[in-house]
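Since we're looking at a predicted model, the values are computed, not measured. These values consider heavy atoms only, across backbone and side chains, with no hydrogens, waters or symmetry-generated copies. Letters A, B, ... mirror the listed sequences (proteins, then strands); counts begin at 1.
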Amino acid sequence: MSALNLYDTATRQISEFKPLIAGEVSIYVCGATVQGSPHIGHIRSAVNFDILRRWLIHSEYKVTFIRNVTDIDDKILQKAIIEKTSWWALAMKYEREFSHAFAAVNILPPTYEPRATGHITQMVQLMQTLVDNGAAYAPGNGDVYVEVRKLKRYLRLSHQRIEELLPAEGSDASYKRDPRDFAMWKSAKPGEPSWPTPWGEGRPGWHLECSAMAYAYLGECFDIHGGGLDLIFPHHENEIAQSEAAGFGFANRWLHNAWVTQSGEKMSKSLGNSLLADVILERVRGVELRWYLGSAHYRSMLEYSQAALDESAVAFRRIENFLNRAQEILSVAPQGVVGDSFAKAMNDDLAVPAGLATISENLRLGNQAITDGDRNALSKNASELRGALQILGCDPLDFTLTASTQLTSALSGVIALALQERTSARERSDFAASDAIRDGLLALGITIEDTAQGPRWSIMEKS
RNA sequence: GGUCCGGUGGCCGAGAGGCGAGGCAAGGGACUGCAAAUCCCUCUACACGGGUUCAAAUCCCGUCCGGACCUCCA
């Protein structure tokens with residue numbers, strides 16, 4: 001099998017992935033700042049990295065996957081005041097919303113999911129290291145800043161030059177040695193949550209959290225750091241700055257996922273164009289949303305439209321229908337097998353769109369095999385199809401709705417009776433009667449297909 | 001101003017020097033009592049202008065257009 005090649009934001013090139021430790025992969029992905037409800041852009045990011053993770057697991061790596069929760073930041077504090085609740089209650093509320101949405105689209109739980117506020121000790125230690133070695137300074141106002149001009153390799157991820165950065169607007173430069181110095185630690189204002197440090201009471205800055213937690217769970221050096229495109233600067237640059245100033249190797253490779261856009265523009269609250277996950281999940285099932293979000297290449301913008309989402313869901317149902325039929329005909333669930341062409345696509349920087357072509361091929365050939373009664377071909381194509389879907393986290397045979405089995409078996413019995421009546425009517429050419437049964441079932445949301453193996457029924461999904 | 005990404009057929013979306021990925025839609029056909037499902041066939045393309053090359057959607061230069069980041073962001 002070909003080797004896995006991945007893009008690296010730092011080098012802007014695709015190169016062969018070589019883990020630090022043979023057979024193991026360590027990944028840190030920046031998770032949510034739980035200051036609001038998840039929109040489908042957040043979900044896309046999670047799906048993209050989940051596909052990476054599943055592919056690595058399939059490639060027989062032992063994967064340690066960290067996705068953090070930023071449960072304290074300026075906006076959480078502000079919003080808690082507006083909503084007249086405590087910051088921790090607000091953070092937990094949105095953290096739960098994210099967890100529900102992630103579960104709905106079949107995201108594997110991270111190996112560890114650390115919260116920022118649970119790692120203050122590690123953050124203070126990291127700051128102490130930087131203050132001791134002169135990379136950071138505490139000017140006496142309770143803040144701690146990293147002195148960016150002392151950093152040798154600052155901004156190498158975004159390939160910018162310090163001199164060319166636009167001056168930060170509204171930043172309090174009075175205590176900073178350079179206006180571009182960034183805060184590791186912020187002094188507490190009255191009424192704000194705070195933790196003690198040698199430099200005063202305060203709370204962590206955003207960037208410090210990730211450096212400290214990555215070190216806590218993955219050590220000084222790890223394989224892959226992921227996140228959204230917008231985190232490259234400043235967040236990831238500043239993480240690198242802190243961790244390297246502490247003497248850590250930090251991330252070997254950087255992966256960044258692109259946006260879900262609307263009318264070509266990034267989805268964001270300030271533009272008022274956020275598509276909240278729970279709203280979309282009323283329209284399509286989780287597996288269908290995942291299929292849609294996962295189908296684009298992770299580095300390409302995904303322009304959202306309802307038509308595209310619906311079309312994608314219909315396409316998924318065709319695949320699902322085929323796999324269900326295959327399972328019925330073979331009397332056994334096809335085992336998931338990853339075919340060579342799908343593997344080749346995935347190894348090429350997770351080229352899911354190219355992989356989709358092989359899925360289409362398996363679908364077409366599999367359907368043909370059903371028509372031809374070729375069980376071997378059916379088994380092969382259904383297995384490869386299922387294998388590909390498993391990597392994408394969209395295996396319909398795994399993603400089944402767990403309805404009450406008692407109710408389901410009673411329902412299938414009733415429908416089977418109706419279908420028997422219909423078959424009898426057709427045999428005596430009483431098409432009025434047979435169509436009445438079909439129409440009646442259709443009105444209840446039950447679709448009938450006449451196949452070579454006899455009639456089969458399925459319940460229409462919510463549209 | 002700096003750093004990047006992109007523009008492919010009616011639509012979506014791959015490819016990155018030489019065989020027109022794939023899907024959706026459309027048209028035709030097979031199957032069917034009809035329908036659905038399924039299969040087969042057909043069709044259309046590389047923003048614009050130069051250049052390099054035997055050969056350019058692909059490489060180079062320029063132009064136009066869209067988008068992202070530059071201290072809130074997946």
From the options [options], select the nucleotide whose nearest atom is closest to the side chain of [X].
| X | options | result |
| --- | --- | --- |
| A:H159 | B:C70, B:C4, B:A74 | B:C4 |
| A:E164 | B:A14, B:G2, B:C72 | B:G2 |
| A:N257 | B:C72, B:A74, B:U71 | B:A74 |

Whole-Å distance between [N] [atom2] and [X] [atom1]?
| X | N | atom1 | atom2 | answer |
| --- | --- | --- | --- | --- |
| A:L289 | B:A74 | CG | P | 17 Å |
| A:F182 | B:U71 | CZ | C1' | 10 Å |
| A:W259 | B:C4 | CH2 | P | 18 Å |
| A:L231 | B:C70 | CG | P | 10 Å |
| A:R12 | B:A16 | CZ | P | 20 Å |
| A:E303 | B:G66 | CD | P | 15 Å |
| A:D181 | B:U71 | CG | P | 15 Å |
| A:Y175 | B:U71 | OH | P | 23 Å |

Reckon [X] touches a base, only the sugar-phosphate, or nothing at all at heavy-atom distances under 4.0 Å?
| X | result |
| --- | --- |
| A:A46 | nothing |
| A:G227 | sugar-phosphate |
| A:T358 | nothing |
| A:S360 | sugar-phosphate |
| A:R299 | nothing |
| A:H256 | nothing |
| A:V29 | nothing |

Rounded to whole angstrom, note down the [atom1] distance from [N] over to [M].
| N | M | atom1 | answer |
| --- | --- | --- | --- |
| B:U44 | B:G9 | C1' | 5 Å |
| B:G66 | B:G51 | C1' | 26 Å |
| B:C41 | B:G23 | P | 11 Å |
| B:C31 | B:C48 | C1' | 49 Å |
| B:A14 | B:G7 | P | 9 Å |
| B:C12 | B:G28 | P | 25 Å |
| B:U53 | B:U58 | P | 16 Å |
| B:A25 | B:G50 | P | 39 Å |

Might you point out which heavy atoms bring [X] and [Y] nearest each other, and give the distance in Å?
| X | Y | answer |
| --- | --- | --- |
| A:N68 | A:G31 | OD1-N, 2.9 Å |
| A:F98 | A:S37 | CE1-C, 4.3 Å |
| A:K79 | A:Q35 | NZ-O, 3.0 Å |
| A:Y137 | A:Y175 | CE1-O, 3.7 Å |
| A:L231 | A:C30 | CD1-CB, 3.6 Å |

| Can you name the salt bridge (Lys or Arg N to Asp or Glu O under 4.0 Å) partners of A:R149, sequence neighbours left out? |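 Listed in chain order: A:E163, A:D178.
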
| A:S45 side chain to A:N257 side chain, donor-acceptor N/O pair below 3.5 angstrom |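 Side-chain D/A pair, A:S45 to A:N257: present.
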
| task | State, without any angle test, whether A:R456 and A:N321 hold a side-chain donor-acceptor pair at a distance under 3.5 Å. | result |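 On atom types as modelled, these side chains qualify, holding a pair under 3.5 Å.
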
| query | For RNA chain B, whose closest nucleotide is more 5', that of A:D348 or that of A:G228? | reply |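 The residue mapped nearer the 5' terminus is A:D348.
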
| said: Reading RNA chain B from 5' onward, which residue's closest nucleotide shows up sooner: A:T261 or A:S45? | reply: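 Closer to the 5' end of RNA chain B: A:T261.
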
| said: Under 4.0 Å from OP1 or OP2 of B:C69: is there any side-chain N or O of A:K266 that close? | reply: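 Affirmative; the distance criterion is met.
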
| query | OP1 or OP2 of B:A74 less than 4.0 angstrom from a side-chain nitrogen or oxygen of A:H42, does that happen here? | reply |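 For B:A74, OP1/OP2 do have a side-chain N/O of A:H42 under 4.0 Å.
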
| said: Does the Lys NZ or Arg CZ of A:R67 fall within the cation-pi geometry relative to A:F49 - under 6.0 Å from the ring centre and within 45° of the axis? | reply: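 Output no; distance or angle outside limits.
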
| query | Do A:Q160 and B:G2 have a side chain to base donor-acceptor pair shorter than 3.5 Å? | reply |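 Flag set: donor-acceptor pair detected.
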
| message | Can you confirm whether or not the ring centre of A:F250 sits under 6.0 Å from the ring centre of A:H236? | response |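 Aromatic pair excluded; centres sit 6.0 Å or further apart.
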
| said: Strictly distance-based, threshold 3.5 Å: is any side-chain N or O of A:S99 a donor or acceptor partner for the main-chain N or O of A:E95? | reply: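 Such a contact is found between A:S99 side chain and A:E95 backbone.
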
| said: How would you summarise protein contacts on nucleotides 29-39 of chain B per nucleotide, using B for base, S for sugar-phosphate only and - for none, with heavy-atom distances below 4.0 Å? | reply: ----BBBBSSS

| said: If a pair means Watson-Crick or G-U wobble with both distances below 3.5 Å, what does RNA chain B look like in dot-bracket form, with | marking bases paired to a different strand? | reply: (((((((..(((.....[...))).(((((.......)))))....(((((..]....))))))))))))....

| Is it the case that more than 12 heavy atoms not belonging to A:W457 sit under 6.0 Å from its CH2 atom? |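 Atom CH2 in A:W457 is crowded, with more than 12 foreign heavy atoms closer than 6.0 Å.
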
